[in-house]
S.K.: 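The structure's right below; bear with me while I get my questions together.
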Number of protein chains: 2
Amino acid sequence: MEGTAPKVRAQPSARSLVEAAYGSIRHDILAGVLAPGEKLRVEMLKDRYAVGASTLREALTRLVGESLVTSEEQRGFRVAPVSLTDFRDISATRTFIELEALRQSLTHGDDIWEAQLVATYHRMSKVEARYAEDPDAVGDEYELRNREFHRALVSACPSRWLLNFQATLMQQSERYRRLALAIAPIDRDVRAEHKAIFDAVLEHDIDKACEMDRVHIERTLEVLCSVLASGTGMPK
Amino acid sequence: MEGTAPKVRAQPSARSLVEAAYGSIRHDILAGVLAPGEKLRVEMLKDRYAVGASTLREALTRLVGESLVTSEEQRGFRVAPVSLTDFRDISATRTFIELEALRQSLTHGDDIWEAQLVATYHRMSKVEARYAEDPDAVGDEYELRNREFHRALVSACPSRWLLNFQATLMQQSERYRRLALAIAPIDRDVRAEHKAIFDAVLEHDIDKACEMDRVHIERTLEVLCSVLASGTGMPK
DNA sequence: GTCAACTTGAATTTCGAGATTTTATGAATT
DNA sequence: AATTCATAAAATCTCGAAATTCAAGTTGAC
């Protein structure tokens, strides 16, 4: 009986069942396995993730706090809906917040931070190269490295709150990107955009780095919107 | 059908026990009844709020999402700690976000929004007057009206995410203010500051309104910091 | 005396059945 | 045909006991 291990154990770093279930469900929402707007019935998910009802509710409640799940009293949980309006709002707000966080990060970042960034960029670069060869062979590692790179960029920002909000918006953005990617392969040189940001940072050119990041977010918005508007039934 | 009403029913709008407990605990944290850093033992709170363990955990998890409670795996929950550094961060980030939200709100606000704002200001003004006479007689109503006024100011901002973040920071700020108020009565003309913002908005002077709001937040930071630094053992 | 392993008590975490509420179905009335 | 109402089915919500984990104190070997 090789298939009987609970699925939630796929989260290796989890120190409790709640956290394991939380991680698994979050992954499935970001990856599009659980579709936007889909009803999340407790009895259904109990079997799928192999945990009790209360444990599941707690995991879902945690996801409500990240706006990946919505809950209506006495009516249960749903995967948070998506819309082009929402994605535009996310992109605009992310630009506003991330550029400020980046500015502060570049102002405060020391040598140790810069070394961390170089290492993180290198790791992402490797995966990007493999991804260019065969997009399917990379799996979730591309997402992981991408997250790490963007976090490393702003990590020297001293404001915990800005970083908190930035991470939230980044996660929301990731979901839209992966939803679009599931529809159509996207013709776009993301590596060049990442490199442009990275180079500007190493040159300590703050304004240029911010501008490159702004363009990066803007491009993402434009490209994904056209795919999402035509290829999916995503509401306006 | 029962005759004995649980304490959590003090939250009248609650449609479930989770929400009722959530509201009660949030109130107690904001009011300082539950002190910063205090351990939140499930068995203890079960009696106090008269709900089951799972229900309580769900309510606490919801508060973790608002950064009013912290949780460490296998080590339970605590009231989120406070520090002057955190309050400075909250104030700075709030200034950054709220001013942008206010700017957008003033740009998009129509006559209906303006009428709502006038009504809300009027209600707050009444409570402020009573508060000036006898601070103790007002209770939580002052907090409610204050929240409503500040929300009304930005409510025409079309960005759901900016509003979301603004509300979070506003709530954090409220906790620090009430913690300080519990120590010493604060000598400061808040009514004048509110009126300055309100008047600038009615004049449709966006820059002035933002500047008045900026000053409002700045004053709050300065006054509260001096009280909190001297009157409490709040860490730096 | 020091350190590791064991014991004990307390707190957290987890589960699943039962209570409550919503939703679906269909008969009865206008 | 549309609406209302009763009933049944399904889903959510709630609870408290049981399992698990942590923290502290104790014993025993070296």
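Order of the sequence lines sets the chain letters (A, B, ...), proteins ahead of strands, with each chain counted from 1.
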S.K.: Specify the residues of residues 60-69 of chain B, ordered by number, for which at least one heavy atom lies under 4.0 angstrom from an atom of DNA chain D.
M.R.: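 Contacts with DNA chain D under 4.0 Å: none.
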S.K.: Whole Å only: how far is the OH atom of Y49(B) from the P atom of dC15(D)?
M.R.: 15 Å
S.K.: Using ring-ring contact (aromatic ring centres under 6.0 Å, His included) as the criterion, point out the one residue from F165(B), W161(B), F96(B) that pairs with F96(A).
M.R.: F96(B)
S.K.: Verify, without hydrogens or angle tests, whether D213(B) (side chain) and L99(B) (backbone) share a donor-acceptor contact under 3.5 angstrom.
M.R.: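 It does not hold such a pair.
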S.K.: So, does T55(B) use its side chain to make a donor-acceptor pair with the main chain of V51(B) at under 3.5 Å?
M.R.: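 Pair absent, no side-chain N/O of T55(B) close to backbone of V51(B).
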S.K.: Ignoring hydrogens and geometry, is there a side-chain-to-backbone donor-acceptor pair from Q74(B) to R15(A) under 3.5 Å?
M.R.: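 Yes, the answer is positive, given that a donor and an acceptor are paired below the 3.5 Å cut-off.
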S.K.: What integer distance in Å separates R78(A):CZ from dA11(D):C1'?
M.R.: 12 Å
S.K.: Is there a side-chain contact between H150(A) and H194(A) in this structure, where contact means two heavy atoms from C-beta onward sitting under 4.5 Å apart?
M.R.: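 H150(A) reaches H194(A) side chain to side chain.
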S.K.: Sequence neighbours excluded and cut-off under 3.5 Å, please list the side-chain donor-acceptor pairs for residues 25-33 of chain A, or say none.
M.R.:
residue: R26(A); atom: NH1; partner: Y22(A); partner atom: OH; Å: 3.4
residue: H27(A); atom: NE2; partner: D140(A); partner atom: OD2; Å: 2.6
residue: D28(A); atom: OD2; partner: Y49(A); partner atom: OH; Å: 2.7

S.K.: Hey, does the side chain of S173(A) reach the backbone of L169(A) with a donor-acceptor pair shorter than 3.5 angstrom?
M.R.: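 Checking the backbone N and O of L169(A) against the side chain of S173(A), no donor-acceptor pair under 3.5 Å is found.
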S.K.: All N/O contacts under 3.5 Å from nucleotides 12-15 of chain C to the protein, with atom names and distances to one decimal?
M.R.:
residue: dT12(C); atom: OP1; partner: K39(B); partner atom: NZ; Å: 3.0
residue: dT12(C); atom: OP2; partner: V42(B); partner atom: N; Å: 3.3
residue: dT13(C); atom: OP1; partner: Q74(B); partner atom: N; Å: 2.6
residue: dT13(C); atom: OP2; partner: R57(B); partner atom: NH1; Å: 2.5
residue: dT13(C); atom: OP2; partner: R57(B); partner atom: NH2; Å: 3.4
residue: dT14(C); atom: OP1; partner: L17(A); partner atom: N; Å: 2.2
residue: dC15(C); atom: OP2; partner: G52(A); partner atom: N; Å: 2.8
residue: dC15(C); atom: OP2; partner: T55(A); partner atom: OG1; Å: 3.2
residue: dC15(C); atom: N4; partner: S54(A); partner atom: OG; Å: 3.0
residue: dC15(C); atom: N4; partner: S54(B); partner atom: OG; Å: 2.8

S.K.: Is the side chain of S155(B) donor-acceptor paired with the backbone N or O of A152(B) at a distance under 3.5 Å, no angle test?
M.R.: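 Side chain of S155(B) to backbone of A152(B): a pair is present.
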